[in-house]
Protein chains: 2
Amino acid sequence: MTELRPGDASLLRKVNTQVTLRALRREGVATLTRLGRITGLSRQTVEAVLDELGGRGWVREVPPDEGVMGRPARRFGFRADAGHVVGVDVGGDRILACLADLNGDVVAWERAGVPDDAPAPERLEAARRTSLACVDAAGVPRTRVLTVAAGTSGIVDRTGRVSLSTVLPGWTGVDLAGLAGRWFGCTGLAANDANLAALAEHWRGSAQHASDVVYVLAGHRLGAGILIGGRLHAGRSGAAGEIGALRQVGWDDAARELVKEAGAEEVFAAAGAGDPEALRRVDHYAEGLAIGASALVLTVDPDLLVIGGGKARAGEVLLAPLRRHLAELCLRAPEVVTSTFGEESVALGAVRLALDHVEREVLNL
Amino acid sequence: MTELRPGDASLLRKVNTQVTLRALRREGVATLTRLGRITGLSRQTVEAVLDELGGRGWVREVPPDEGVMGRPARRFGFRADAGHVVGVDVGGDRILACLADLNGDVVAWERAGVPDDAPAPERLEAARRTSLACVDAAGVPRTRVLTVAAGTSGIVDRTGRVSLSTVLPGWTGVDLAGLAGRWFGCTGLAANDANLAALAEHWRGSAQHASDVVYVLAGHRLGAGILIGGRLHAGRSGAAGEIGALRQVGWDDAARELVKEAGAEEVFAAAGAGDPEALRRVDHYAEGLAIGASALVLTVDPDLLVIGGGKARAGEVLLAPLRRHLAELCLRAPEVVTSTFGEESVALGAVRLALDHVEREVLNL
DNA sequence: CGGAGTTATGAGGAGAGGTCTCGTAAGGTG
DNA sequence: CACCTTACGAGACCTCTCCTCATAACTCCG
């Protein structure tokens with residue numbers, strides 16, 4: 001549970017530094033008095049904290065406001081550009097890298113294709129090049145990157161190694177976190193793509209106000225990411241949510257049948273237009289999805305179910321039958337929504353993971 | 001996430017009080033110097049904290065040790081009897097109440113039968129009487145009971161109301177937590193039985209060293225309790241783990257077939273003796289159990305799977321085939337063990353739940 | 001242009017908590 | 001009874017915080 005260490009006086013400073021910094025980051029730019037009011041601390045305390053943070057480079061004083069009553073207050077701003085993080089989605093056929101500042105504001109994207117059957121070294125090299133290019137293009141010095149996080153399909157253990165991948169050739173056993181860290185000479189992290197997508201949706205997407213979230217990645221395979229209490233739950237070996245293995249749910253058949261003749265997009269489009277055969281097929285696909293999801297939903301009983309991955313673009317055409325089947329399968333089905341970030345969610349989730357790490361370790365709060 | 005409040009100086013005292021109290025409870029009886037060493041606090045601080053706790057009645061000074069080198073040190077002990085908690089298992093055919101002190105040491109048990117088809121008021125009255133009798137028999141004043149927690153089958157929401165019960169007549173809608181609290185005029189809590197059993201196993205049973213635990217209650221129905229990071233995960237509506245609704249797993253058939261002609265015990269006994277037909281039936285039951293459990297295991301990827309409930313008494317006869325089936329169904333099956341507390345686990349888990357509440361709210365740490 | 005009003009700053013003092021040190025007390029041991 | 005060991009108690013000192021009050025800097029208005 002909560003590790004509990006005794007506190008000497010400096011603990012207080014630590015806590016108040018954290019409180020102040022959070023308030024400042026929410027405000028963007030603020031005066032001492034304002035920060036004092038919203039944190040509940042005295043102006044003097046806030047000033048001392050900000051002095052220290054300024055010395056460490058996390059906070060900078062900005063010119064005072066003009067045209068306002070009274071003596072102009074010194075104003076401070078969080079230096080979001082004091083450091084950066086990189087999130088990279090290492091997918092089956094493409095690499096997507098994202099550079100963000102400490103506020104999580106995206107500074108640059110970089111994208112590259114990679115062959116489906118590319119061997120691991122080639123894929124890794126592409127990921128490396130794309131990540132570096134992303135940073136260079138933004139004009140950010142590589143040394144400013146404090147943490148890099150990578151997302152990929154397959155099972156990623158807590159050390160960031162891919163312990164099992166069934167789709168990417170030679171991917172099993174790759175120490176993704178370690179390698180990614182070496183690209184920039186900083187800490188590297190790695191996690192499962194569905195998990196990161198869930199994180200992204202909770203951060204700024206459709207799952208913002210939910211605490212327990214199940215994110216279902218409906219693509220070629222069925223993967224899922226789980227958030228418990230707003231935090232990622234990866235499980236003992238990182239395999240939490242890998243419900244695809246549950247053969248009983250008959251997921252594979254449903255997916256195969258959807259794309260039997262035409263592409264998935266076409267089928268969804270036809271279903272949207274009212275074509276009966278297309279509707280039947282979408283319904284069958286939705287049922288398979290619902291059965292897989294129901295195992296997750298019944299287990300976790302989440303506040304929200306988010307549907308992501310390629311098939312989520314179909315929107316209500318897929319969601320309506322999905323909700324119907326889910327209501328049949330679960331005692332009390334949660335709200336169901338689609339992902340807001342689509343293709344970018346994994347890279348954004350990686351950014352969030354990296355930011356979490358920075359906030360915990362580097363700002364050592 | 002973590003709510004973060006600014007700290008004035010008294011926060012320090014709070015933290016150090018908590019640290020000291022925990023250390024003292026682990027030690028049982030300890031001197032100031034010893035507490036100082038293990039907490040990392042100075043002797044003076046520990047003394048001040050203990051003074052205050054003594055005034056509030058949580059700590060008492062005990063006679064110094066004799067026959068030891070040097071000036072005898074003052075010794076202090078946690079007053080485990082400064083308060084008590086009651087945990088009660090409201091089952092289908094019996095009530096089991098448990099009184100424990102603040103160390104969680106059981107002071108008294110009390111048991112009563114209740115008809116399977118007893119209406120809710122009768123069952124509640126039996127639970128009330130049993131709980132009160134348990135406390136009275138131990139000679140503990142009823143006002144000393146700080147919290148009472150109840151466990152029962154069915155879905156219990158976070159306010160402690162039974163929001164759905166399919167087995168106990170009239171049970172749906174009962175405000176179990178509220179009623180239980182009124183028995184003693186203190187805080188009442190209520191939770192699902194499988195959840196509490198999981199808590200008990202994690203507290204002092206076979207799941208002590210696991211952080212993420214799935215507890216499967218294999219009885220007439222299939223219920224499950226889930227611990228994430230050592231904490232109970234009940235889900236949005238308290239329905240987490242209610243995998244029994246997942247019809248696809250074919251759980252019902254397997255359970256019915258096991259007890260088709262003879263009682264379950266006989267079948268297990270025969271299987272243990274090598275009877276082929278009994279072995280086949282146990283295997284089939286184990287398969288059904290494994291399929292249900294695999295949905296939980298694939299979702300949560302726990303450190304440990306605990307099998308509880310009536311059928312768990314069969315031990316290895318059931319566990320061996322269960323492990324085998326589970327290994328087939330899951331990519332990496334977790335360790336599987338049986339419950340250590342058996343019938344008492346729900347009441348013990350309720351005690352733990354009540355103690356958690358006391359430690360959080362009453363000792364207001 | 002200068003006073004009135006407004007708001008932030010800066011220094012000084014007080015208080016809570018915690019640590020360290022050192023002389024003293026209270027037992028054993030030879 | 002001297003000596004060793006261990007704990008106690010009081011005092012000095014540090015850190016962090018808050019409060020107060022005089023002062024500074026700027027706007028607004030006559």
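All values below come from the heavy atoms of this structure, side chains included, with hydrogens, waters and symmetry mates left out. Order of the sequence lines fixes the chain letters, A, B, ..., with proteins taken first and strands second; residue numbering starts at 1 for each chain.
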Just how far, in rounded Å, is C1' of C:dG28 from CG of B:Asp65? 13 Å
Just compare C:dT19, D:dC16, D:dC8 and give me whichever is closest to any side-chain atom of B:Thr33. D:dC8
Grab the CG-C1' distance between A:Asp8 and D:dT17 for me, whole Å please. 15 Å
Nearest-Å distance, CZ (A:Arg13) to P (D:dT17)? 5 Å
If every non-hydrogen atom of A:Val88 is compared with every non-hydrogen atom of A:Ala350, which pair is closest and at what distance? N-CB, 3.8 Å
If each of B:Phe76 and A:Val46 is mapped to the nucleotide of DNA chain D with the nearest heavy atom, which maps nearer the 5' terminus, i.e. the 5' end? B:Phe76
Find which nucleotide of DNA chain C each of B:Ala48 and A:Thr31 is nearest to by heavy atoms, and output the residue with the more 5' nucleotide. A:Thr31
Is there side-chain contact between B:His357 and B:Leu189, with at least one heavy-atom pair below 4.5 Å? yes
Please confirm whether A:Arg352 makes a cation-pi placement over A:Trp203, using NZ or CZ under 6.0 Å from the six-membered ring centre and within 45° of the ring normal. yes
Measure from CZ on B:Arg71 to C1' on C:dA26 and round the result to the nearest Å. 5 Å
Does a nitrogen or oxygen in the side chain of A:Asn16 sit under 4.0 Å from OP1 or OP2 of D:dT17? yes
What nucleotide among C:dG17, D:dC26, D:dC18 has an atom nearest to a side-chain atom of B:Ala9? C:dG17
No-H, no-angle donor-acceptor pair, B:Arg43 side chain to D:dG9 base, under 3.5 Å: yes
Could you tell me whether the side chain of A:His233 and the main chain of B:Val300 form a donor-acceptor pair under 3.5 Å? yes
Heavy-atom side-chain contact between B:Glu27 and B:Ile38 under 4.5 Å: yes
Just to be sure I understand the rule, does A:Arg74 reach a base, reach only the sugar-phosphate, or reach nothing, if contact means heavy atoms closer than 4.0 Å? sugar-phosphate
What is the separation between atom CG on A:Leu32 and atom C1' on D:dC18, rounded to the nearest whole Å? 16 Å
Which nucleotide in the list C:dG18, D:dC18, D:dT17 gets nearest to the side chain of A:Leu12? D:dT17
When you measure from the side-chain N and O atoms of A:Thr45 to the phosphate of D:dC16, is any distance below 4.0 Å, counting only OP1 and OP2? no
Taking CD from B:Glu61 and C1' from D:dA7, how many angstroms apart are they, rounded to a whole number? 12 Å
Round to the nearest Å and state the distance from A:Leu35 atom CG to C:dT9 atom P. 11 Å
DNA chain C: A:Gly70 or B:Gly40, which has the more 5' nearest nucleotide? A:Gly70
With respect to the side chain of A:Glu47, which nucleotide from C:dG10, C:dT19, C:dT29 is positioned closest? C:dG10
To the nearest angstrom, the CG-P distance between B:Asp51 and D:dG9 comes to 10 Å
Scan A:Gln44 against the nucleic acid and name what it touches under 4.0 Å (heavy atoms): base, sugar-phosphate only, or nothing. base
